[in-house]
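Comments concern the structure below.
Letters go in sequence order (proteins before strands), and every chain restarts at 1.
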Amino acid sequence: MEMDTITEIPDDEYILKCTSACAGCGDSLTLRYVLKAAGPDIVLVMPAGCTAAFQGIYPKTAFTVPVVNIAFGAAAACASGISRMFLATGRTTKVIVYAGDGGTLDIGLQALSGAFERRTDFLYICYDNEAYGNTGMQRSGATPLGAKTTTTPAGKAEVKKDIDAIIAAHNPPYQATACASYPQDLFRKVRKALTFRGPTFIHVLSPCPPGWRYSSEKTIEVGRLAVKSGMWALWEREHGNLAISAPTKAAMKKPVPLEEYLSVQGRFKGIDGTTVEQLKEQIRETFHRFREEEDRP
Amino acid sequence: MKKIVTGNKAIAEAVRDAKPDVVAAYPITPQTEIVETLAEYVSSGQLASQYIAVESEHSAMAACIGASTAGGRTFTATSSQGLLYMHEMTNWAAGARLPIVMANVNRTLAPGWNIWAEHTDAMQERDTGWLQVFVSTVQEAYDTIFMAFRIAEHNKVLLPVMVNLDGFTLSHIMQPVDTIEPGDFIPPIHLPDSVDPKNPKGYGTITGPGDYFRFRWELAHSMRESVSVIEETQSEFAKRFGRTYGLTEEYRCSDADVVVVSLGTLGKEAEVAIDILRDEGIKAGSLRLRWFRPFPELDLAGKEVVVIDRDYSFGFGGVLAHSIRSKNLVKVYSVIAGLGGQEVTYDDIAGFIRNRRIGGESWFGVNDHV
């Protein structure tokens with residue numbers, strides 16, 4: 001991995017102060033670094049979601065870049081139209097979708113798949129807080145096994161949908177995962193994604209204090225525990241070739257016990273031992289797949 | 001130049017010559033020939049558009065919304081289930097004041113599966129803020145596309161326009177068309193507030209009740225204003241190309257005691273029926289509504305009115321019949337006919353008029369008087 005330093009991240013801010021995002025919001029933190037990496041010559045396409053909710057109220061906006069709001073399931077399709085219009089007129093402005101996990105894994109999946117299959121020139125960023133946060137934390141396809149949401153009060157019985165594998169099946173030139181708790185890594189991956197033509201994807205774990213039920217000053221810590229325990233893995237694929245990012249390499253060598261990640265969050269309170277074992281098994285499988293793929297000649 | 005083409009081909013030819021920047025396309029019977037023909041034009045270099053072969057109608061409209069927000073001239077075509085699937089986005093297009101032009105080839109809604117002509121698909125879009133025009137001949141379909149772009153993009157309007165043509169009875173019927181060179185009939189597109197990173201704005205941002213209410217009023221106002229723009233555009237079209245269109249098409253109405261009101265190709269059948277009835281000594285006329293949104297002001301005072309609806313609002317009645325009643329102090333005989341592509345001939349229409357029971361509703365061939 002390249003040596004990242006915080007100093008290469010510009011001081012420019014594209015989110016204005018005092019948005020209505022929750023204290024400790026991982027999503028707004030994610031967006032802050034996405035915009036720092038992308039710079040001002042972009043258009044953000046935003047479906048319904050937490051970010052749309054804290055963008056400000058007309059005639060004001062919390063962002064200093066254009067934001068095209070669009071219906072929940074339509075972000076990638078709307079971005080297709082903008083991207084092709086820019087192509088028609090020779091404009092180099094980058095089109096970036098910024099969508100939550102509901103808008104990506106669930107209601108927006110068809111439009112997303114279509115846009116990737118058509119090789120739309122855009123960057124799609126999924127900020128993943130593992131539930132429908134804006135409507136008060138209902139389960140989504142991204143909610144992990146065992147997590148309590150308002151529609152899975154006993155804990156989710158199904159495992160998280162593997163959107164990254166679905167995206168990989170579209171053979172994008174670049175895809176990556178990131179986490180709001182590792183801003184340098186996120187910054188670098190956004191910069192890199194924007195150097196490719198065609199559809200690129202970054203899936204960012206964005207911890208959510210009210211939804212995950214932890215106190216708001218712990219967002220960075222919770223995100224780091226996700227990575228250190230292996231519940232969230234940081235990696236990138238350039239033309240399909242996997243490169244594991246340093247924090248996950250470290251976790252693969254010596255993960256912190258999963259219980260450390262689960263116990264700081266109210267959403268996993270009362271999770272039974274069998275479910276914890278299933279989650280641990282998932283992590284072992286993921287790491288095993290990574291090792292196998294890395295060892296392949 | 002004169003040629004003989006189908007309604008679908010005529011639409012595609014007109015769209016080609018209107019030079020959209022972006023065409024988003026998804027196939028559905030009986031519209032498919034439109035997007036296929038446009039694909040051919042793009043592929044052969046006759047049309048320099050970005051052609052986005054989307055994966056659904058919802059995405060077709062969303063892509064048009066994106067391209068239009070970026071300042072482009074956009075077109076798509078659909079029918080029936082496709083129109084309903086994009087309904088969320090048709091509302092968005094109008095609310096965002098984007099002058100998207102769409103051909104809707106009117107088709108029945110499932111279940112059961114039925115690909116034939118019916119107007120219920122378009123009726124379900126009537127409150128979205130789209131201008132809706134229904135055409136009755138291939139020539140009219142062709143001409144109306146040019147007018148639709150000019151009207152939609154007019155700075156007093158800035159609303160999307162839906163050009164409706166009956167499935168099969170017009171989409172697949174070959175008729176002679178006199179083509180035009182549009183020249184500058186459609187001025188270059190210039191949309192206010194297109195996306196520009198140098199002047200960043202929020203589009204469709206959260207909006208409080210006061211501003212939202214004002215935006216709705218502005219949309220209503222523009223819809224009203226569109227009447228004069230439509231009239232000016234139609235008269236300019238007549239001046240340049242010699243074919244005259246109105247908000248409605250009247251046939252032997254001025255001295256008529258009874259007028260039959262309809263939409264689309266039924267209006268052409270009705271004209272034949274009127275001739276038959278006139279020969280019998282019945283003073284009948286036909287009034288075909290070309291524009292359905294904005295709904296035209298009609299002068300029906302003192303006349304008996306027979307309205308044919310190729311649609312239905314369950315628990316209410318024929319949509320056109322109720323529209324006529326609510327806007328005019330006349331009594332109406334409501335005929336529901338042609339649903340699911342039921343054949344309705346000029347003889348049938350003559351029968352509706354001869355056997356009219358003003359104030360009643362009948363379902364043609366099923367329950368003649370309710």
Side-chain angles (χ1 to χ4, degrees), chain A residues 14 20 38-48 52-89 91-95 97 107-108 110-118 120 122, chain B residues 20-24 26 48-74 76 85-93 95-96 98 100 189 193-212 214-215:
Chain A
Y14 301 91
S20 56
D41 192 21
I42 63 162
V43 174
L44 274 189
V45 179
M46 214 177 264
F54 74 70
Q55 69 184 303
I57 300 175
Y58 177 88
K60 296 183 178 176
T61 170
F63 306 126
T64 66
V65 293
V67 175
V68 177
N69 286 270
I70 197 67
F72 212 171
C78 177
S80 290
I82 298 173
S83 175
R84 293 291 288 273
M85 184 57 200
F86 285 174
L87 183 64
T89 50
R91 282 170 69 174
T92 53
T93 300
K94 297 282 185 184
V95 180
V97 171
I107 194 169
Q110 174 183 302
L112 171 61
S113 174
F116 269 62
E117 182 269 334
R118 293 190 300 272
T120 304
F122 75 146
Chain B
D21 297 292
V22 173
V23 173
Y26 190 77
S49 288
Q50 292 292 320
Y51 187 93
I52 313 179
V54 286
E55 80 299 330
S56 75
E57 291 90 351
H58 194 275
S59 287
M61 189 47 61
C64 284
I65 287 168
S68 189
T69 306
R73 176 174 295 159
T74 56
T76 188
Y85 195 37
M86 65 168 67
H87 181 64
E88 182 187 25
M89 304 320 300
T90 56
N91 279 272
W92 199 291
L98 301 171
I100 296 159
I189 188 164
D193 304 315
S194 291
V195 165
D196 180 6
K198 290 196 183 69
N199 184 14
K201 291 174 182 167
Y203 299 81
T205 304
I206 296 174
T207 306
D211 287 312
Y212 184 88
R214 185 167 55 78
F215 291 151

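In this structure, the side chains of A/Arg84 and B/Asp21 stay at 4.5 Å or more apart for every pair of heavy atoms. By the 4.5 Å heavy-atom criterion applied to side chains, B/Pro197 and A/Arg91 are counted as neighbours.
The two residues A/Ile57 and B/Gly208 make their nearest non-hydrogen contact at CG2-N, 4.0 Å. Scanning both residues, A/Arg118 and B/Ala53, for their nearest heavy atoms gives CD-O, 3.3 Å.
Taking B/Thr207, B/Val195, B/Asn91 one by one and counting their heavy-atom pairs under 4.5 Å with chain A, the maximum is reached by B/Val195. Per-residue counts of heavy-atom pairs under 4.5 Å with chain B were compared for A/Ser80, A/Pro59, A/Gly114; the largest is that of A/Gly114. Taking chain A as the reference chain and counting heavy-atom pairs below 4.5 Å, the highest number among B/Ile65, B/Val54, B/Thr69 is found for B/Val54.
Applying the side-chain contact (heavy atoms from CB on, under 4.5 Å) criterion to A/Gln110, with sequence neighbours excluded, gives B/Glu55, B/Ser56, B/Tyr85.
B/Met61 does not touch chain A: none of its heavy atoms, backbone or side chain, sits under 4.5 Å away. In this structure, chain B has a heavy atom under 4.5 Å from the backbone of A/Ala52, while its side chain stays farther away. The contact between A/Phe86 and chain B is made entirely by side chain atoms (from C-beta outward), counting heavy-atom distances below 4.5 Å. Heavy atoms of B/Val22 lying under 4.5 Å from chain A belong exclusively to its side chain. Heavy atoms closer than 4.5 Å to chain B are found in the side chain of A/Thr93, but not in its backbone. Contacts of B/Ala48 with chain A are absent, with no heavy-atom separation under 4.5 Å from either backbone or side chain.
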Please report, to 0.1 Å, the donor-acceptor pairs under 3.5 Å made by any side chain of residues 65-79 of chain A, with sequence neighbours excluded.
| unit_1 | atom_1 | unit_2 | atom_2 | d |
| --- | --- | --- | --- | --- |
| A/Asn69 | OD1 | A/Gln55 | NE2 | 2.8 |
| A/Asn69 | ND2 | A/Gln55 | OE1 | 2.9 |
| A/Asn69 | ND2 | B/Tyr203 | O | 2.8 |

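Taking CD of B/Gln50 as the start and OG of A/Ser83 as the end, the distance is 8.5 Å to the nearest 0.5 Å.
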